[in-house]
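These notes concern the structure reproduced below.
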Amino acid sequence: MLDFNTLVEFSCGNCISICAFLVPANLLVTILTLGLVALRRPSYQVWQSAGIASFFASVMILHVYTWFIVGVVMAPTYILLWLAITCLVTNLGAILYQRRYSNSPTFSNNV
């Protein structure tokens, strides 16, 4: 069974390494999702990229919440929370944009 206290201890004890992985991973995969949408790639590629980015963002939100549970309320906790929420919203927006405009014809000079 998963012990919540052990998970919080692990998160607090390895904060630097967790954040050193999650921050670049969030940014790179979110930028990849936006690039796939801009290049009009198939929807399964966009969904896959957005799913991976959303997983990383969700893990970062859980990591930040462990710091809130411990009582650490500083600027980096809010910055990381803002980054994770922004990545989640950006990926959701990319999926919605891709679904809405994927069937529309390309832009032409008749506009």
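Side chains are part of it too, since the values below use all heavy atoms of this structure and drop only hydrogens, waters and symmetry mates.
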Find out if a path of hydrophobic residues (ILVMFWY) with successive side-chain heavy-atom gaps under 4.5 Å connects [X] to [Y].
X	Y	value
F4	V72	yes
I52	L88	yes
V23	I79	no
V8	V59	no
V89	L83	yes

**Asked** When clusters are formed from ILVMFWY side-chain contacts under 4.5 Å, directly or step by step, what else is grouped with I16?
**Response**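 Via sub-4.5 Å side-chain contacts, I16 links to none.
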
Pairwise distance [atom1]([X]) to [atom2]([Y]) - rounded to 0.5 angstrom:
X	Y	atom1	atom2	value
F56	L28	CZ	CG	9.5 Å
I69	C12	CD1	SG	8.5 Å
N5	T66	CG	OG1	12.0 Å
L32	S49	CG	OG	4.0 Å
C87	W82	SG	CH2	8.5 Å
T86	N26	OG1	CG	10.0 Å

**Item:** side-chain contact (heavy atoms from CB on, under 4.5 Å) involving I95 - partner list, sequence neighbours excluded
**Value:**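 If we apply the side-chain contact (heavy atoms from CB on, under 4.5 Å) test to I95, skipping adjacent residues, the hits are V46, W47, A50, R99.
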
Do you know the tightest heavy-atom contact between [X] and [Y]?
X	Y	result
R41	Q98	O-NE2, 3.7 Å
H63	C15	NE2-SG, 3.4 Å
P24	C19	CD-O, 3.9 Å

**Item:** Parallel, tilted or perpendicular: rings of Y101 and Y97 (30°, 60°)
**Value:**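 Y97 vs Y101 ring planes: tilted.
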
**Request:** Report the relative orientation of the aromatic rings in F68 and Y78; use parallel for angles under 30°, tilted for 30 to 60°, perpendicular for over 60°.
**Result:**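 Because their plane-to-plane angle lies in the 30° to 60° range, the rings of F68 and Y78 count as tilted.
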
**Prompt:** Judged by atom type as modelled, is there a donor-acceptor pair below 3.5 Å linking the side chain of T77 to the main-chain atoms of M74?
**Reply:**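 Judged by distance alone, yes, a pair lies under 3.5 Å.
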
**Request:** Say whether, by atom type as modelled, one donor and one acceptor occur between the side chain of S11 and the main chain of L7 under 3.5 angstrom.
**Result:**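 Not at all, since once roles are kept as given, no pair shorter than 3.5 Å links the two residues.
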
**Request:** Using the test ring pair (Phe, Tyr, Trp, His ring centres under 6.0 Å), find all partners of F10 that sit at least two apart in sequence or belong to another chain.
**Result:**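 Scan of F10 (ring pair (Phe, Tyr, Trp, His ring centres under 6.0 Å), adjacent residues dropped) gives none.
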
**Message:** Looking at Q45, I'd like to know if its CD atom is crowded, meaning that more than 12 non-hydrogen atoms belonging to other residues, nucleotides or ligands lie closer than 6.0 Å.
**Reply:**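 Yes, the 6.0 Å shell around CD holds more than 12 heavy atoms from other groups.
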
**Request:** Report the C-alpha separation of L22 and L80 in whole Å, then their side-chain angles, then the decisive distance to 0.1 Å, and conclude whether the side chain to side chain contact (heavy atoms under 4.5 Å, CB included) test is met.
**Result:** CA-CA 10 Å; L22 285 178; L80 290 174; over 6 Å; no

